[in-house]
Amino acid sequence: MKNQIVILFLAVISATSFAQTAAKRTKEFNLENKVAIQGYDPVAYFTQKKAVKGKSAFTSTYEGVIYNFSSQANKDAFLKNPISYEPQYGGWCAYAMGANGEKVEVDPETFKIVDGKLNLYYNAYFNNTLKSWNKDEVNLKKKADANWKKFIN
C-alpha cells in the first residue's frame, strides 16, 4: 500500500511539474500561432545547414511547444533528442538577449550554430544582428545565457 501511495504521489508531482513547465515555456517562447521558429524545421538547421520551412503534416509538441518539420526523418530525429534541436533563448534573437536581455523577433533564415545550439537573429531594416553577435560572441553568449534564465526560472 505504501508503494502505491508513493508511486501515485510521484505521478502527481511529475504531471504538475510538466504542466507548469509547458505553460511557462509557451508563455516565454517566441511562438507564432503556437508554433516555434515560425514553422521552420529545427533539425534542418543542423542536417542541411540551412533554414527549411516545415510542413504541418510533420508536427510534434515538446513540453508545450509545437514544432514543424520538413520530413518524417527530421521529426524522428527531433523526438529522439529534442533538447539538441530546440532554439536557444526560446527562439528569440540571441544578440538582443545578450545585449539587453530583451525578447526580439527573429528572421528564421538568419542563424548560427553556437556550441551545438541553434541561435536565431533579428535581420530587417538594414540591421542584421548576427554581424553584431559575431563581433563579441563570447561575452554576448554569457550574458544571453544569464538573461534567459531570468525568463524561465
Side-chain angles (χ1 to χ4, degrees), residues 14-153:
S14 177
T16 303
S17 295
F18 173 76
Q20 290 173 344
T21 299
K24 182 77 167 172
R25 285 167 49 90
T26 56
K27 178 182 176 224
E28 299 299 343
F29 271 52
N30 182 4
L31 305 177
E32 186 176 290
N33 298 320
K34 301 183 182 181
V35 178
I37 319 174
Q38 299 175 27
Y40 280 75
D41 180 340
V43 176
Y45 290 100
F46 295 88
T47 60
Q48 296 178 314
K49 309 287 189 237
K50 65 180 182 178
V52 177
K53 194 76 166 162
K55 300 173 185 172
S56 59
F58 304 113
T59 64
S60 182
T61 302
Y62 176 66
E63 293 187 358
V65 176
I66 299 169
Y67 290 92
N68 289 349
F69 304 92
S70 58
S71 69
Q72 184 65 45
N74 282 8
K75 178 180 175 180
D76 293 343
F78 180 85
L79 292 173
K80 286 179 185 172
N81 194 358
I83 294 170
S84 294
Y85 298 108
E86 277 200 307
Q88 288 290 87
Y89 319 119
W92 299 105
C93 176
Y95 173 79
M97 189 60 64
N100 306 310
E102 295 178 336
K103 294 178 183 177
V104 172
E105 291 294 331
V106 298
D107 171 1
E109 296 191 10
T110 305
F111 71 97
K112 182 177 183 179
I113 306 298
V114 178
D115 296 334
K117 298 291 185 178
L118 173 61
N119 285 3
L120 300 165
Y121 302 89
Y122 176 86
N123 185 5
Y125 306 108
F126 307 105
N127 185 12
N128 181 347
T129 61
L130 174 56
K131 292 178 182 178
S132 300
W133 172 271
N134 286 335
K135 291 177 184 174
D136 193 19
E137 181 174 273
V138 172
N139 289 322
L140 287 166
K141 183 180 180 326
K142 286 179 192 173
K143 290 177 183 177
D145 290 346
N147 288 333
W148 180 239
K149 287 179 183 174
K150 295 173 188 175
F151 288 104
I152 58 171
N153 289 335

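- One finds no salt bridge joining E109 and K50 here, because no Lys/Arg side-chain nitrogen approaches an Asp/Glu carboxylate oxygen to under 4.0 Å.
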(request) Under the side-chain hydrogen bond (donor to acceptor under 3.5 Å, both in side chains) rule, what do N134 and K112 come out as? Steps first, then yes or no, please. (result) CA-CA 10 Å; N134 286 335; K112 182 177 183 179; 2.8 Å; yes
(message) Assess the residue pair L130 and N123 against the criterion (side-chain contact (heavy atoms from CB on, under 4.5 Å)); give the C-alpha distance rounded to whole Å, side-chain angles, the decisive distance to 0.1 Å, and a yes or no.
(response) CA-CA 8 Å; L130 174 56; N123 185 5; over 6 Å; no
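- Considering F58, F78, Y62, Y45 in turn, F78 is the only one that fulfils the ring pair (Phe, Tyr, Trp, His ring centres under 6.0 Å) rule with F69.
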(message) Go through it in stages, so that I can follow the logic: the residues are W92 and E102, the test is side-chain contact (heavy atoms from CB on, under 4.5 Å), and I'd like the CA-CA distance, side-chain angles, deciding distance and then a yes or no.
(response) CA-CA 8 Å; W92 299 105; E102 295 178 336; over 6 Å; no
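- In this structure, the separation between NZ on K150 and CD1 on I152 is 12.5 Å, given to the nearest 0.5 Å.
- Side-chain atoms of K75 do not come within 3.5 Å of backbone N or O of S60 as any donor-acceptor pair.
- Remark: side-chain polar atoms of T129 are not paired, donor with acceptor, to backbone N or O of S132 under 3.5 angstrom.
- Using a 4.5 Å cut-off on side-chain heavy atoms (C-beta onward), Q88 and L118 make no contact.
- Annotation for N81: atom CG counts as buried by contact number, over 12 foreign heavy atoms lying within 6.0 Å.
- Remark: side-chain polar atoms of K24 are paired, donor with acceptor, to backbone N or O of F151 under 3.5 angstrom.
- The two residues T26 and G64 come nearest to each other via the heavy atoms CG2-O, 2.8 Å.
- In terms of modelled atom types and a separation under 3.5 Å, the side chain of N147 and the main chain of K143 share a donor-acceptor contact.
- Taking 4.5 Å as the limit, some side-chain heavy atom of Y122 sits within range of a side-chain heavy atom of N127.
- The existence of a salt bridge linking E86 and K117 is excluded, since no basic side-chain nitrogen approaches an acidic carboxylate oxygen closer than 4.0 Å.
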(request) Could you go through the side-chain contact (heavy atoms from CB on, under 4.5 Å) check for F111 and N119 one step at a time? (result) CA-CA 6 Å; F111 71 97; N119 285 3; over 6 Å; no
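- Closest approach of N68 to P42, counting heavy atoms only: O-CD, 3.5 Å.
- In this structure, the side chain of K49 engages the main chain of F46 through a donor-acceptor pair within 3.5 Å.
- The shortest non-hydrogen separation linking A144 to A94 is CB-O, 3.9 Å.
- The minimum heavy-atom distance linking S71 with N74 is given by the pair OG-N, 3.1 Å.
- With R25 contributing its side chain and E63 its backbone, the two residues share a donor-acceptor pair below 3.5 Å.
- Contact between P108 and L120 at its shortest, heavy atoms only, is O-CD2, 4.1 Å.
- Looking at heavy atoms from C-beta onward, N128 lies in side-chain contact with T110 at the 4.5 angstrom threshold.
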(request) Test side-chain contact (heavy atoms from CB on, under 4.5 Å) on D41 and K53 and set out the steps. (result) CA-CA 6 Å; D41 180 340; K53 194 76 166 162; over 6 Å; no
(request) Begin with the C-alpha distance, continue with both residues' side-chain angles, and end with the deciding distance and a verdict on side-chain hydrogen bond (donor to acceptor under 3.5 Å, both in side chains) for D145 and Y89. (result) CA-CA 8 Å; D145 290 346; Y89 319 119; 2.7 Å; yes
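- For the pair G91 and N30, the tightest heavy-atom approach, listed with the atom from each and the gap, is O-ND2, 3.2 Å.
- Checked against the 6.0 Å centroid criterion, the rings of Y121 and Y95 do not qualify as a close aromatic pair.
- Using a 4.5 Å heavy-atom threshold, the side chains of Y67 and I37 count as touching.
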